[in-house]
Protein chains: 2
Amino acid sequence: MPSDHTDQIDIPIEAATCQPRLDGAAGQRLSDEDAARLATRFKALGHPVRVQIVDILARSDREVCVCDIEQYFSLSQPTISHHLKVLREAGYVQAEQRGLWVYYTLAPGGGAELRALLRSLPA
Amino acid sequence: MPSDHTDQIDIPIEAATCQPRLDGAAGQRLSDEDAARLATRFKALGHPVRVQIVDILARSDREVCVCDIEQYFSLSQPTISHHLKVLREAGYVQAEQRGLWVYYTLAPGGGAELRALLRSLPA
DNA sequence: GGGTTATATCGAAAAACGTCAATATAGTTT
DNA sequence: AAACTATATTGACGTTTTTCGATATAACCC
């Protein structure tokens with residue numbers, strides 16, 4: 001009779017080990033430092049209030065006063081100040097004091113990239 | 001007599017109020033829902049281990065077994081499993097079980113975007 | 001069936017985060 | 001100088017996140 005008992009039958013599903021990798025188990029990858037820097041930047045955008053703040057700045061064609069930013073939220077002044085600090089330290093925004101007021105803008109360079117990031121989900 | 005005592009002298013630096021906004025104090029902006037969704041996605045990338053995992057998947061041209069992912073880190077198995085879950089729930093990665101092993105890939109669609117995100121900082 | 005293996009889930013402890021009230025700082029006005 | 005204003009910082013408290021050991025689940029092999 002023709003072969004209908006092809007000997008594939010007792011081949012274990014994946015040769016008893018998960019598909020071996022080509023490169024030696026720890027090939028080229030992101031450095032720990034780069035991963036940490038990236039994570040810091042992403043984490044800074046990982047809060048709705050900070051996303052909103054960045055969006056406000058991205059939509060504005062001029063600098064925006066902290067006192068105006070505060071109007072958008074029903075949060076205490078220290079809380080807004082804290083979120084602005086996180087965004088500043090992550091390099092997303094820049095502050096300039098003039099008189100009693102402090103004006104924020106998106107940090108130069110990252111502007112286009114940031115607008116793209118914001119568009120990356122709602123699309 | 002000609003004006004040489006122009007009355008600009010006692011104009012306060014910024015007219016006693018910070019530069020007024022053009023739109024009515026709460027113009028068009030990101031909805032709370034969109035801000036929350038964006039923040040959730042960014043937060044999922046807000047940890048170095050998860051950035052590394054995404055990078056590993058982004059560099060690989062094939063699916064990667066959990067057992068291989070674990071090799072990259074000196075963290076417990078439950079911890080890696082937890083980070084994979086966060087990435088899964090954020091929609092960045094996909095899992096497929098085959099035999100005893102589970103293989104992860106970047107979620108379809110977002111692949112190019114994700115690679116761009118990863119490139120967004122080290123550049 | 002019983003034994004083994006890979007991954008996921010649970011529960012707890014430590015660390016990080018978000019928020020506010022209180023206070024400090026720095027500028028402005030009188 | 002004193003009073004006032006906008007923003008930042010400090011300190012405390014509740015919540016969430018990260019991590020692990022222990023256990024559960026599910027698939028394989030004998």
Side-chain angles (χ1 to χ4, degrees), chain A residues 9-21 35-36 39-40 42-53 63-90 93-105, chain B residues 8-21 35-36 39-40 42-53 63-90 93-104:
Chain A
I9 288 147
D10 47 6
I11 293 181
I13 284 201
E14 211 65 69
T17 172
C18 85
Q19 190 101 276
R21 295 170 36 76
T40 298
F42 286 129
K43 186 157 54 172
L45 295 180
H47 190 287
V49 168
R50 294 195 291 266
V51 169
Q52 295 267 22
I53 291 174
E63 51 190 7
V64 182
C65 177
V66 170
C67 62
D68 284 328
I69 294 175
E70 286 169 357
Q71 307 300 312
Y72 284 93
F73 307 96
S74 38
L75 289 170
S76 73
Q77 177 267 321
T79 297
I80 300 297
S81 194
H82 163 70
H83 287 305
L84 287 169
K85 182 181 193 175
V86 172
L87 290 173
R88 247 186 292 125
E89 291 179 341
V93 307
Q94 258 186 340
E96 182 192 334
Q97 178 156 20
R98 220 157 52 239
L100 276 179
W101 298 279
V102 176
Y103 298 89
Y104 277 78
T105 52
Chain B
Q8 307 162 349
I9 288 147
D10 47 8
I11 293 182
I13 283 200
E14 212 65 69
T17 172
C18 82
Q19 191 101 273
R21 294 169 37 75
T40 298
F42 286 127
K43 185 158 55 171
L45 294 180
H47 190 286
V49 168
R50 294 195 291 268
V51 168
Q52 295 267 21
I53 291 175
E63 51 190 5
V64 181
C65 177
V66 171
C67 62
D68 283 327
I69 294 174
E70 286 170 356
Q71 307 300 313
Y72 285 92
F73 306 97
S74 38
L75 289 170
S76 73
Q77 177 268 319
T79 297
I80 300 296
S81 194
H82 162 72
H83 287 303
L84 287 170
K85 182 181 192 176
V86 172
L87 290 173
R88 247 186 292 126
E89 292 180 341
V93 307
Q94 258 187 340
E96 182 192 334
Q97 179 156 20
R98 218 156 53 238
L100 276 178
W101 298 279
V102 177
Y103 298 89
Y104 277 79

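So you know, we letter chains A, B, ... as the sequences are listed, proteins then strands, and number each from 1.
Computed from coordinates, the Leu75(B) CG to dA8(C) C1' distance equals 17 Å when rounded to whole Å. Taking atom CG of Leu87(A) as the reference point, atom C1' of dA8(D) lies 15 Å away to the nearest angstrom. At whole-Å resolution of the value, CD1 in Ile80(A) and P in dC20(C) are 8 Å apart. As rounded to whole Å, 8 Å separates atom P of dT7(D) from atom OH of Tyr103(A). Spacing between atom CD1 of Ile53(B) and atom C1' of dT18(D) amounts to 13 Å, rounded to whole angstrom units. Between Asp68(A) atom CG and dT7(D) atom C1' there is a gap of 14 Å when expressed in whole angstrom units. Atom CZ of Arg98(A) is separated from atom C1' of dA26(C) by 16 Å (rounded to the nearest Å). In this structure, CH2 of Trp101(A) is placed 17 Å from P of dC4(D), rounded to the nearest angstrom.
The side chain of Lys43(B) places an N or O atom within less than 4.0 Å of a non-bridging phosphate oxygen (OP1 or OP2) of dT17(D). Here Arg50(A) reaches the OP1 or OP2 of dG18(C): one of its side-chain N or O atoms lies under 4.0 Å away. The phosphate of dC17(C) (OP1 or OP2) has no side-chain N or O of His83(A) nearer than 4.0 angstrom.
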Side chain to side chain contact (heavy atoms under 4.5 Å, CB included) evaluation trace for Tyr103(B) with Val64(B)
CA-CA 5 Å; Tyr103(B) 298 89; Val64(B) 181; over 6 Å; no
Derivation and outcome, side chain to side chain contact (heavy atoms under 4.5 Å, CB included), residues Val66(B) and Trp101(B)
CA-CA 7 Å; Val66(B) 171; Trp101(B) 298 279; over 6 Å; no
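The side chain of Ser76(B) has dC20(D) as its nearest neighbour among dA21(C), dA27(D), dC20(D). Distance from the side chain of Thr79(A) is smallest for dT19(C) among the nucleotides dT19(D), dA26(C), dT19(C). For Leu100(B), taking side-chain heavy atoms from C-beta onward, the closest of the listed nucleotides dT7(D), dA26(C), dT5(C) is dT5(C). Closest to the side chain of Ser81(A), out of dA27(D), dA8(D), dG27(C), is dA8(D). Out of dT7(C), dA8(C), dC20(D), the shortest distance to the side chain of Arg88(B) is found at dA8(C). For Val102(B), taking side-chain heavy atoms from C-beta onward, the closest of the listed nucleotides dA26(D), dT5(D), dT7(C) is dT7(C).
Residues Ala95(A) and Arg88(A) share a closest heavy-atom pair of CB-CD, 4.2 Å.
With rounding to the nearest 0.5 angstrom, the CD atom of Gln52(B) is 11.5 Å from the NE2 atom of His83(B).
Side chain of Thr40(B) to backbone of Ala36(B): a donor-acceptor contact under 3.5 angstrom is found.
Considering only heavy atoms from C-beta on, Leu84(A) comes within 4.5 Å of Ile69(A) through its side chain.
Mapping His82(A) and Ala95(B) onto DNA chain C by nearest heavy atom places Ala95(B) at the nucleotide closer to the 5' end.
If you check every strand for non-hydrogen atoms under 4.0 Å, His47(B) touches sugar and phosphate atoms only. The residue Tyr104(A) sits close only to the backbone: its heavy atoms come under 4.0 Å of sugar-phosphate atoms, none of a base.
A donor-acceptor contact under 3.5 Å links the side chain of Gln77(B) to the base of dA8(C).
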